Amino acid sequence: MTKLKLHWQILIAMILAVIAGYASGMDASIGGVTFYSMYVFVGGLFLNALKMLIVPLITASIITGVAGIGTGDGFGRLGTKTVIYYFTTSLLAILTGLFFVNLIVPGVINGVPAGSLMGLEADVSGIVENAQGRSAGDFLTVFERMVPANIFRAAVDGQMLGIIVFSLIFAYYMVRIPDRYSSVMTDFWQAMMSIMLKITELVMKFAPIGVFALVAKVVASTGFTAIMPLANFAGTVFLSLLLHSVITLPLLLAIVGRVHPLRHYQAMFPALMMAFSTSSSAATLPVTLDSVEKRAGVSNRVSSFVLPLGATINMDGTALYECVAVIFIAQAYGIDLSMGLQFLIVTTALLTSVGVAGVPAASLVAIVVILSAAGLPAEGIGLILAVDRILDMCRTTVNVFSDSCGAVIIARSEGEDAVLNRDPDSAMNQ
Ligand code: ASP
């Protein structure tokens with residue numbers, strides 16, 4: 001009997017997890033141990049394994065990739081294309097959200113601002129405190145993080161931006177020193193990369209179990225009842241995210257990249273499901289790299305440049321969510337937003353999405369920052385907490401999908417034709 005492909009295994013695990021999580025809730029137990037605590041334990045273990053890969057894999061991947069660009073002017077060209085792509089798609093995503101939140105007006109139910117219907121029960125002091133003293137100008141701290149005082153501390157703290165920038169510069173010079181030194185280093189990092197890819201394959205073998213636990217945990221703790229009062233808001237976010245990922249990004253793929261969008265969805269299936277179940281672009285990065293290179297056929301040279309940067313600074317789904325959430329909160333409080341204020345929200349959503357970390361619930365702080373910048377009540381964040389996790393799963397999927405589209409579009413613009421000929425399902429480890 002042929003073995004079921006990994007992505008089908010993950011999909012089945014996800015469906016079973018919804019059933020198991022719903023059936024067990026947080027209280028059902030066996031032998032005194034709740035199922036919920038088992039989900040937390042197994043899911044945590046799997047997340048740890050993914051995170052364990054990040055620093056060595058990303059460093060090796062960037063260094064080998066950039067070294068592959070060689071000594072020509074490819075470095076600056078790739079950088080410029082990457083930044084233009086990220087900026088454009090994030091802006092398009094925000095505008096999509098802006099359109100739908102103004103069209104649907106989810107914050108007003110039957111003519112009454114939803115805030116008064118829902119009440120603010122959630123305790124939001126932690127999030128608000130976290131955001132205190134921050135402003136949209138915090139965007140500048142992104143530049144600070146690019147130059148960490150201690151590269152090892154950056155690695156320990158999971159400050160990916162510092163590691164990425166250091167690795168880019170390191171690799172840039174690695175191929176610009178005398179050959180005999182350069183070749184030793186190149187061999188070393190290539191060996192490192194091969195080893196890390198093998199370890200990634202090993203971790204991926206446990207993906208169905210890990211995904212099962214992570215999804216069951218969310219379903220068990222959130223349930224479906226919490227979502228009902230916020231169905232309008234969740235629906236608006238979902239619709240906007242859907243439009244961005246089934247119309248805008250595929251159009252870019254087809255027109256700019258001249259790549260068949262369906263093929264790309266197929267290639268990215270494992271990474272998208274991983275993003276959905278972990279709610280973390282950073283934790284998904286090893287799988288994104290794997291899918292983009294092996295299943296979509298993008299070279300390591302392009303993917304290692306575009307994807308780690310993307311997982312850290314390009315967040316289409318997050319930017320869109322921030323915009324919809326802030327306007328929803330204003331609507332729910334019965335506050336009318338002028339065009340000027342909406343423009344401020346769009347701009348701050350664009351800037352803050354760059355600084356949001358690729359971890360679960362990271363946008364919440366950014367939303368509080370935008371609320372304060374726009375003079376709106378920060379406690380409004382409490383309105384959306386109940387549905388944040390489920391929407392986090394969706395927006396993270398879009399974040400990862402946009403990064404992967406960027407990798408393909410940029411690869412095509414660099415003349416890579418392998419992208420067109422690769423059969424996703426023939427990839428070695430899937
Ligand atoms: N969870 C998101 C990500 O990792 C960030 C966020 O929007 O909270 O991409």
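Just so you know, ligand 1 is whichever comes first in the structure, and atom 1 is the first atom listed for that ligand. Treat the numbers as computed from the prediction; the structure is a model and nothing was measured.
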Dump the pairs for me: ligand 1 N or O, protein N or O, distance under 3.5 Å, to 0.1 Å.
unit_1	atom_1	unit_2	atom_2	d
ligand 1	1 (N)	S279	O	2.9
ligand 1	1 (N)	V359	O	3.0
ligand 1	1 (N)	D392	OD1	2.7
ligand 1	1 (N)	T396	OG1	3.1
ligand 1	4 (O)	S281	N	2.8
ligand 1	4 (O)	S281	OG	3.1
ligand 1	4 (O)	G358	O	3.3
ligand 1	4 (O)	V359	N	3.4
ligand 1	7 (O)	T318	OG1	2.6
ligand 1	7 (O)	S363	OG	2.4
ligand 1	7 (O)	R395	NE	2.7
ligand 1	8 (O)	A362	N	2.9
ligand 1	8 (O)	S363	N	2.9
ligand 1	8 (O)	S363	OG	2.9
ligand 1	8 (O)	R395	NH2	3.1
ligand 1	9 (O)	S281	OG	2.3
ligand 1	9 (O)	N399	ND2	2.8

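The distance between the ring centers of F46 and F206 does not fall below 6.0 angstrom. Taking the six-membered ring for Trp, H244 and F401 have ring centres at least 6.0 Å apart.
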### Task
Verify side chain to side chain contact (heavy atoms under 4.5 Å, CB included) between V165 and V147, making sure each step is shown before the conclusion.
CA-CA 8 Å; V165 171; V147 191; 5.8 Å; no

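A donor and an acceptor atom, one from each side chain of S24 and Y39, are located under 3.5 Å apart.
For K294 and E201, the salt-bridge test passes: some basic side-chain N is under 4.0 Å from an acidic carboxylate O.
Shortest non-hydrogen contact noted between I54 and A282 is CD1-O, 3.3 Å.
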